[in-house]
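Numbered from 1 within each chain, the chains take letters A, B, ... in sequence-line order.
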Amino acid sequence: MKNSFAERCYKILRKVPRGKVTTYGEIAKALKSNAYRAVGNAMNKNPFPGSKVPCHRVVKSNGEVGGFASETGKKVSMLKEEGINIVEGKIDLGKYLYKF
DNA sequence: ACGGTGACGCTCA
DNA sequence: TTGAGCGCCACCG
């Protein structure tokens with residue numbers, strides 16, 4: 001159960017500093033895999049919503065926040081609060097995309 | 001063992 | 001530019 005792909009994603013996600021965001025693709029690359037789908041799955045099964053694993057800090061490669069914020073939009077506001085400039089649910093990856 | 005599913009990514013029209 | 005389709009890997013039933 002430990003050292004599983006999901007655990008890997010969480011670990012990487014945790015090393016993303018506040019005010020920055022990462023993409024599923026970057027996480028997959030960090031895992032030496034192109035399993036961006038699996039990364040999303042791991043987040044979906046995320047055992048620690050909010051504090052341990054800041055899933056809201058993970059965005060899509062095109063700059064969209066992602067499905068988890070589609071319904072409420074609260075997560076978007078949360079990212080903004082961290083200092084990330086978001087316009088219409090789009091994040092400026094050129095400024096806030098954290099690279100491993 | 002197999003197939004379906006999913007918080008995605010990229011290319012083509 | 002926008003929309004649609006195809007491909008990717010890992011997990012669950």
Side-chain angles (χ1 to χ4, degrees):
Chain A
M1 168 72 190
K2 293 168 179 35
N3 290 353
S4 118
F5 199 91
E7 294 281 315
R8 248 4 192 152
C9 299
Y10 307 147
K11 188 156 124 180
I12 294 170
L13 186 48
R14 269 169 72 239
K15 72 195 223 22
V16 178
R18 177 178 168 283
K20 290 269 188 164
V21 293
T22 188
T23 68
Y24 297 95
E26 287 298 302
I27 294 174
K29 298 284 190 200
L31 294 173
K32 299 290 186 293
S33 298
N34 295 318
Y36 22 76
R37 304 294 309 186
V39 175
N41 264 356
M43 296 299 116
N44 187 6
K45 291 161 183 148
N46 182 353
F48 307 105
S51 304
K52 193 168 173 60
V53 183
C55 342
H56 58 272
R57 245 178 237 166
V58 185
V59 299
K60 306 213 308 189
S61 302
N62 71 318
E64 292 181 70
V65 179
F68 65 89
S70 300
E71 292 187 56
T72 59
K74 298 279 192 181
K75 312 301 184 189
V76 178
S77 300
M78 187 172 163
L79 289 166
K80 286 167 139 187
E81 197 174 321
E82 292 196 351
I84 299 169
N85 180 18
I86 303 178
V87 181
E88 297 296 291
K90 303 291 200 303
I91 298 177
D92 205 323
L93 295 178
K95 294 180 180 181
Y96 304 108
L97 177 58
Y98 177 80
K99 295 159 194 173
F100 299 103

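Under the 3.5 Å distance criterion, the side-chain polar atoms of Arg57(A) are matched with a main-chain donor or acceptor of Val16(A). Looking at Tyr10(A), its side chain does come within 3.5 Å of a backbone N or O of Ala42(A) through a donor-acceptor pair.
Look at CG on Leu31(A): it is 14 Å from C1' on dC8(C), rounded to the nearest Å. Rounded to an integer number of Å, the gap from CG of Asn44(A) to P of dC11(C) is 13 Å. When rounded to the nearest whole Å, the span between CZ of Arg8(A) and C1' of dC9(C) equals 16 Å. Going from atom NZ of Lys29(A) over to atom C1' of dC10(B) covers 11 Å, rounded to whole Å. Between the P atom of dC9(C) and the NZ atom of Lys32(A) lies a distance of 16 Å, rounded to the nearest Å. Rounded to a whole Å, the CD1 atom of Ile27(A) is 14 Å from the C1' atom of dG9(B). What separates CD of Glu88(A) from C1' of dT1(C) is a distance of 16 Å, to the nearest Å. Whole-Å rounding puts the Lys60(A) NZ to dG6(B) C1' distance at 12 Å.
The side chain to side chain donor-acceptor pair (under 3.5 Å) analysis of residues 89-100 of chain A, with sequence neighbours excluded, yields no pairs.
Across all strands shown, Ser61(A) has heavy atoms under 4.0 Å from sugar-phosphate atoms exclusively, and none from any base. Here Ala35(A) lies in heavy-atom contact (under 4.0 Å) with sugar-phosphate atoms only. At the heavy-atom level, Phe5(A) lies under 4.0 Å from the strands shown only through sugar-phosphate atoms.
For the pair Ile86(A) and Val76(A), the tightest heavy-atom approach, listed with the atom from each and the gap, is CD1-O, 3.5 Å.
When the nucleotides dC12(C), dG9(B), dA10(C) are ranked by their closest atom to the side chain of Lys45(A), dC12(C) comes out on top.
DNA chain B is contacted by both Val39(A) and Gly25(A); Val39(A) maps to the nucleotide lying nearer its 5′ end (nearest heavy atom per residue). For the pair Ser4(A) and Tyr36(A), nearest-nucleotide mapping onto DNA chain C gives the more 5' position to Tyr36(A).
Inter-residue side-chain proximity for Phe100(A) and Thr22(A) is flagged as met; some heavy-atom pair is nearer than 4.5 Å.
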